[in-house]
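In what follows, a structure is listed as structure tokens, so that the remarks can point back to it.
In what follows, every heavy atom counts, from backbone to side chain, and hydrogens, waters and symmetry copies are set aside. Computed from a predicted structure; not experimentally measured.
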Amino acid sequence: MLSVESATIVRATLPIVGASLDAITTRFYETMFAERPELLDGLFNRGNQANGEQRRALAGSIASFATMLLDNPGERPEDMLARIAHKHTAVGVTEDQYVIVHKYLFGAIAEVLGDAVTAQVAAAWDEVYWLMAGALIALEARIYADAGARNGDTWRQWRVVARREETPNAVSFLLRPADDAPPPPARPGQYVSVRVRMPDGVHQLRQYTLSSAGEDGLHRITVKRVDGDPAGEVSTLLHATVRTGDELTLSAPFGEVTLEDGDAPLVLVSAGIGCTPIVAMLDHLAAIGSRRRVLVLHADRSPAEHALREDMLRLTAERVFWYESGGAAPDRDGLMDLDQVEIPAGALAYLCGPVPFMREVRGRLLKAGVAARDIHYEVFGPDLWLADN
């Protein structure tokens, strides 16, 4: 809980800090990477640095956390913290790195805001930072413990036992632990980080959903090739170079947006490569012989570009696919329109796709009577939904 004195100062300075967060986070990353370039080798995603997504996500999380502390002083924003903690553990963030971030973040705040940062203002925002950091450190320690690891060391070598071309720009890799030891447990909807060495010698990480994690010890990731450098450098490398028999370095599975047990109907909604956690959930439901009602809704450019389409057809009977071109009955033409669909009463909904798509779908689901608490979403990369709020 934020102290009364700090809460008063944070409330008074939140407008100016919030208005300056883009400049603050820009300066923060510039300075930190200039002085600590090793952080870009195997920890920070330089694609997200180049396109500004990491900067926006950090600014959004700081502003949201401070606002929640002020609006609900007796509560912690557990959902927001859990999402960030899982993103952190997937890349191996450690407790000591919060000290590094603090140094450069508060240096950037002082530089950007100048004389507005008095000793009292700095102390109040320092309290905000360490409340957030302390909560994340504790959550991340528990997540690492659940994964059987300490201090971010969750990496293992996995052998590619099969490669399958799903579409012209999506490929699946079927993986088995290289040491033939049992794989770590994975919940449907979780993702792993893949760590690769780029041609310039720098290691980069990207997260990919486990589109299947069967009891046979095999895990599958499905990778869409993303055009552009550096945003697409890892996916392009995987597509171009990884073949059956090669090895990849993977983290343990992470992610808090996972399928809940129970009997409630499910509405699983995706667009594009956002189908991967949906297929993992369908695969799990089939494996346990679930009798839950499941409605699958998916949007894509065309059937030929719909990765894992055959899996979705095989694993569910109640489905509607929308294609911008090339669809044939019973598929539907154009963009997804939930006004054409009857949503089951009492349903749980899981969404994955571009943030604007999920915003639109969430609004339609709320209108159809789905409770806000029952709508879950997964974002590939930094959570820009949070940043935009």
Side-chain angles (χ1 to χ4, degrees), residues 2 6 9-10 12-69 77 80-81 83-137 139-140 152 202-205 207 230-231 379 381-389:
L2 196 60
S6 291
I9 294 172
V10 170
T13 56
L14 183 57
I16 186 173
V17 172
S20 304
L21 274 173
D22 185 68
I24 290 169
T25 53
T26 297
R27 187 59 183 155
F28 157 67
Y29 282 118
E30 288 175 351
T31 306
M32 184 172 67
F33 291 140
E35 297 185 12
R36 302 293 297 267
E38 73 277 6
L39 294 175
L40 277 172
D41 186 7
L43 182 62
F44 282 92
N45 179 328
R46 59 187 180 186
N48 291 335
Q49 295 300 320
N51 62 25
E53 289 188 356
Q54 187 65 59
R55 184 182 74 248
R56 289 178 58 207
L58 174 61
S61 65
I62 293 170
S64 294
F65 186 78
T67 300
M68 291 175 186
L69 286 179
M80 184 190 85
L81 292 171
R83 180 175 291 271
I84 296 172
H86 277 273
K87 297 286 186 182
H88 283 181
T89 51
V91 300
V93 168
T94 55
E95 181 175 349
D96 60 297
Q97 289 163 348
Y98 283 93
V99 178
I100 297 172
V101 168
H102 177 271
K103 171 186 174 181
Y104 291 103
L105 180 60
F106 276 73
I109 290 172
E111 184 173 342
V112 171
L113 297 182
D115 293 341
V117 184
T118 64
Q120 293 79 10
V121 170
W125 281 96
D126 188 74
E127 188 175 341
V128 171
Y129 177 84
W130 285 114
L131 280 172
M132 186 173 182
L136 288 171
I137 289 168
L139 279 172
E140 288 157 20
V202 173
H203 293 88
Q204 282 289 279
L205 311 178
Q207 286 71 53
V379 174
D383 190 349
L384 297 183
W385 193 328
L386 177 63
D388 290 341
N389 286 335

- [ ] Show your working on side-chain contact (heavy atoms from CB on, under 4.5 Å) between T31 and E35 and close with a plain yes or no.
- [x] CA-CA 6 Å; T31 306; E35 297 185 12; 3.8 Å; yes
### Message
Checking the side chain of S20 only, and the main-chain atoms of A23 only, is there a donor and an acceptor separated by less than 3.5 Å?
### Response
no
Here the gap from K87 atom NZ to N45 atom CG, rounded to the nearest 0.5 Å, amounts to 11.0 Å
Practice task
Ignoring hydrogens and angles, state whether a donor on the side chain of E140 or T89 is under 3.5 Å from an acceptor on the partner side chain.
Solution key: no
Looking only at heavy atoms, the pair that brings A124 and L2 closest together is O-CD1, 4.5 Å
Residue set satisfying ring pair (Phe, Tyr, Trp, His ring centres under 6.0 Å) with H102, at least two apart, ordered chain then number -> F106, Y129, W130
Residues L136 and A85: closest non-hydrogen pair is CD2-N, 3.9 Å
To the nearest 0.5 Å, atom CZ of R56 lies from atom CG of D22 at 9.0 Å
- Can any side-chain N or O of S64 pair as donor or acceptor with the backbone N or O of S61 at less than 3.5 Å? no
Neighbour count above 12 (heavy atom, 6.0 Å) for E95 CD: no
>> With a 3.5 Å distance limit and no angle check, can you tell me whether E111 reaches the backbone of F28 through a side-chain donor-acceptor pair?
In response: no
Smallest heavy-atom separation, P15 atom then A12 atom, equals CD-O, 3.6 Å
**Check: E127 side chain, S6 main-chain N or O, donor-acceptor pair, under 3.5 Å** = no
With sequence neighbours left out, the residues meeting salt bridge (Lys or Arg N to Asp or Glu O under 4.0 Å) with E30 are R27
With no hydrogens and no angle check, do the side chains of T13 and W125 hold a donor and an acceptor under 3.5 Å apart? yes
D126 meets the salt bridge (Lys or Arg N to Asp or Glu O under 4.0 Å) criterion, sequence neighbours left out, with none
Q97 side chain to T94 main-chain N or O, any donor-acceptor pair under 3.5 Å? yes
Here the pair of heavy atoms bringing L43 nearest to L205 is O-CD1, 4.0 Å
Heavy-atom nearest pair, R55 first then Y29, reads CA-CE1, 3.8 Å
Between the OG1 atom in T25 and the CG atom in L105, the distance rounded to the nearest 0.5 Å is 8.5 Å
Scanning both residues in full, the closest heavy-atom pair of A135 with L81 reads CB-CD1, 3.8 Å
Query - Polar side-chain atom of N48 near backbone of E53 as donor-acceptor pair, under 3.5 Å - result: no
